[in-house]
Amino acid sequence: MGRILLKNATIVNENKIFPADILLEDDIILKIEDQISSDNASKVIDLGGKYVMPGAIDDQVHFREPGLTHKGTIATESRAAVAGGITSFMEQPNTNPQTTTIEALEEKFEMARNSAFVNYSFLFGGTNDNLEEIKKLDKNACSGIKLFLGSSTGNMLVDNEEVIEKIFRNTEMVISAHCEDESTIKANFAKYKEQYGDDIPVKYHPLIRSAEACYLSSSRAIALAKKTRARFHVFHLSTGKETELFRNDIPLEDKKITAEVCIHHLWFSEEDYDTKGTLIKWNPAVKTATDRDQLWQALLDDRIDVIATDHAPHTLEEKNNVYTSAPSGGPLVQHALPAMLEKYHGGKISLEKIVEKMCHNPAKLFQIKKRGFIREGFYADLVVLDLNDSWTVTKENIAYKCGWSPFEGNSFKSKITHTFVNGHLAYENGNFSQERKAMRLTFNRE
């Protein structure tokens, strides 16, 4: 790839915003200086003051391969991620077959090696009966362990409490979990099913998959993590009450218990079910505007550590079914960063905080080598932003295989103009490179 010089950048990195030039050599950031001569560069891109941030790292996506490829594939969804400024992803184990053996994990890595447009790793699924596989898993092999403590797409529910405790005691890796109490959900569902049959109004989804169900599960799991001293990360917080379970008085690197919030829980509320219907049916459910406000507060005061997507495409035909048949989840990787930048324009969050939560913190939390920061010697995963170029999400510019977005019709004030993956210009002003330079993520776990 040679040397690429990015002139006149405005860098957003490590809680600072400053002008500089950036020189890339092959897959690495070689220099960051006030002025770098173009003499030794094979290509010069004058950014004219545009903002440059590290590539976002999404710790929770469902790219549907293998087994569910009519919804999406590693290729189609990672290509959409490039357009959204996401340069690394961690994919979840509820595919078909499920990623619950080391053999299945390595098969996924091989798929990604041949098809991913951005850097990749996978979470290994814990079940009621695969503890021995978890014990054999090298702690640097993949992102971590994923437990479904509430059932969702693919039904990988782990409900044997003795097994859960053994998993917590038998891995040094980060254990990430979907936390919803299954018995509470079943009781709530039975009540609404009796009243409405299969066609339950979707506005009742947050009452079926209730705040109580979330808190019961997450609080119980956190208590177990404290008891066993496991390294525990709670995925997709959706309630204000759960934010009380997390702390902000120590650095992220010292935390044993961490939390994530997803774009949809920061953007939508129960008021949107009337217009969006099952398109915003997620597990855990989008809840009240008060919950959303409290999630924002916890994000900004650092009780919540990471912003992710839980990107989970389904076909529009599937989503348009009646409540009991419509699957939960939606596509988000292309629009997550533009949505957060919209909140920046609204004065809700700073650019520095967006970068902290979407780039720096996932790298720290999962101990990813040489990514998540703009530093000399780090991999050149970079995103260029024009903060004053409005555009509207339409069917024509949606890159997901499923062809729809919950943001369709939304106008965003900011546009991603360039995405570099390992120094390779993978996306530029709506055009995708067909060349792939993605790498398997590696980790710094001693």
Side-chain angles (χ1 to χ4, degrees), residues 60-64 67-72 92-98 125 127-128 146-159 177-218 235-239 262 264-265 267-288 291 309-332 400-406 408:
Q60 189 187 180
V61 304
H62 303 262
F63 281 176
R64 304 306 191 196
L68 302 164
T69 53
H70 68 287
K71 302 173 191 280
Q92 304 302 298
N94 54 333
T95 46
N96 185 16
Q98 296 167 344
T127 70
N128 284 326
K146 169 69 178 287
L147 300 180
F148 287 88
L149 304 181
S151 62
S152 193
T153 303
N155 196 10
M156 289 182 62
L157 178 65
V158 186
D159 56 2
H178 174 130
C179 293
E180 290 184 285
D181 182 65
E182 193 69 12
S183 59
T184 301
I185 293 168
K186 283 182 176 176
N188 292 340
F189 177 74
K191 182 175 74 172
Y192 286 97
K193 178 80 185 283
E194 183 178 9
Q195 186 174 353
Y196 292 102
D198 285 332
D199 199 8
I200 300 168
V202 71
K203 67 181 179 181
Y204 294 123
H205 188 55
L207 300 180
I208 293 170
R209 300 189 82 103
S210 63
E212 179 192 22
C214 294
Y215 185 81
L216 274 173
S217 180
S218 54
F235 274 157
H236 45 45
L237 288 192
S238 63
T239 74
C262 290
H264 43 288
H265 293 122
W267 187 279
F268 299 104
S269 78
E270 64 181 0
E271 296 160 14
D272 295 303
Y273 285 112
D274 287 342
T275 54
K276 295 288 185 180
T278 53
L279 296 184
I280 62 164
K281 184 188 179 198
W282 274 279
N283 299 339
V286 168
K287 297 183 175 68
T288 68
D291 284 306
T309 68
D310 194 15
H311 173 91
H314 300 282
T315 67
L316 202 52
E317 182 182 15
E318 290 167 336
K319 289 294 280 185
N320 283 333
N321 280 319
V322 296
Y323 176 83
T324 53
S325 301
S328 293
L332 282 166
Y400 313 124
K401 183 173 183 177
C402 66
W404 66 272
S405 166
E408 197 170 330

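Only a predicted model underlies this, so the values are computations on that prediction, with no experimental measurement involved.
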request  = Under the ring pair (Phe, Tyr, Trp, His ring centres under 6.0 Å) rule, collect the residues that match up with Y192, sequence neighbours excluded.
outcome  = Y204

request  = Look at the side chain of S218 and the backbone N and O of C214, then say whether any donor-acceptor pair between them is shorter than 3.5 Å.
outcome  = yes

inquiry  = Donor-acceptor check, side chain of N188 to backbone of I185, threshold 3.5 angstrom: yes or no?
reply    = no

query = So, for L149 and A177, which heavy atoms are closest and what is the spacing to 0.1 Å?
reply = CD1-CB, 4.1 Å

remark   = Distance col, row F148:CZ vs N283:CG, nearest 0.5 angstrom, shows 10.0 Å

key: side chain to side chain contact (heavy atoms under 4.5 Å, CB included) assessment of D181 paired with Y215   = CA-CA 8 Å; D181 182 65; Y215 185 81; over 6 Å; no

T69 OG1 to K401 NZ distance, which is reported to the nearest 0.5 Å = 5.5 Å

query = Would you find a donor on one side and an acceptor on the other, under 3.5 Å apart, between the side chain of S217 and the backbone of E180?
reply = yes

Heavy-atom pair with the smallest gap, counting every atom of Y400 and P331 = CD1-CB, 3.5 Å

key: Rounded distance (nearest 0.5 Å) linking atom NE2 of H264 with atom NZ of K281   = 13.5 Å

inquiry  = If you apply the rule side chain to side chain contact (heavy atoms under 4.5 Å, CB included), what do you find for I208 with I200, and how did you get there?
reply    = CA-CA 10 Å; I208 293 170; I200 300 168; 4.2 Å; yes

query = Nearest heavy-atom pair of T95 and P97: which atoms, and what distance?
reply = OG1-O, 3.0 Å

ask   = How long is the span from the CZ atom in F235 to the SG atom in C179, to the nearest 0.5 Å?
value = 10.5 Å

key: Closest contact, heavy atoms only, H311 versus F63   = CD2-CE2, 3.5 Å

query = Do the side-chain N and O atoms of Y323 and H205 include a donor-acceptor pair separated by under 3.5 angstrom?
reply = yes

request  = Keeping the roles fixed (side chain from K276, backbone from P406), state whether a donor-acceptor pair exists under 3.5 Å.
outcome  = yes

message = For the backbone of N94 and the side chain of K146, can you confirm whether one donor and one acceptor N or O come within less than 3.5 Å of each other?
response = no

query = For the atom pair SG (C262) and NE2 (H265), what is the distance rounded to the nearest 0.5 Å?
reply = 7.0 Å

query = Can you tell if the side chain of P206 reaches within under 4.5 Å of the side chain of V286, non-hydrogen atoms only?
reply = no

query = Is it true that the side chains of D310 and H62 contain a donor and an acceptor less than 3.5 Å apart?
reply = yes

task = Mind checking side-chain hydrogen bond (donor to acceptor under 3.5 Å, both in side chains) for T288 and listing every partner two or more places apart, or none if nothing turns up?
result = D291

query = Backbone N or O of S328 within a donor-acceptor pair of the H314 side chain at under 3.5 Å?
reply = yes

message = Can you list everything that forms a side-chain hydrogen bond (donor to acceptor under 3.5 Å, both in side chains) with N96? Sequence neighbours excluded, please.
response = none

key: Step-by-step side chain to side chain contact (heavy atoms under 4.5 Å, CB included) determination, T127 to L147   = CA-CA 7 Å; T127 70; L147 300 180; over 6 Å; no

inquiry  = Has R64 got a side-chain atom pairing as donor or acceptor with P313's backbone, closer than 3.5 angstrom?
reply    = yes

message = With rounding to the nearest 0.5 angstrom, report the CG to OG1 distance, L332 to T309.
response = 6.0 Å

query = If you measure from the Lys or Arg side-chain nitrogens to the Asp or Glu carboxylate oxygens, is any gap between K287 and E270 under 4.0 Å?
reply = no

Side chain H178, main chain H236, donor-acceptor under 3.5 Å = no

query = Would you say T315's side chain and E318's backbone share a donor-acceptor pair under 3.5 angstrom?
reply = yes

request  = Dump the intermediate steps for side chain to side chain contact (heavy atoms under 4.5 Å, CB included) on Q92 and V61, then the final yes or no.
outcome  = CA-CA 6 Å; Q92 304 302 298; V61 304; over 6 Å; no

query = Short question: side chain of T278, backbone of K319 - any donor-acceptor pair under 3.5 Å?
reply = yes

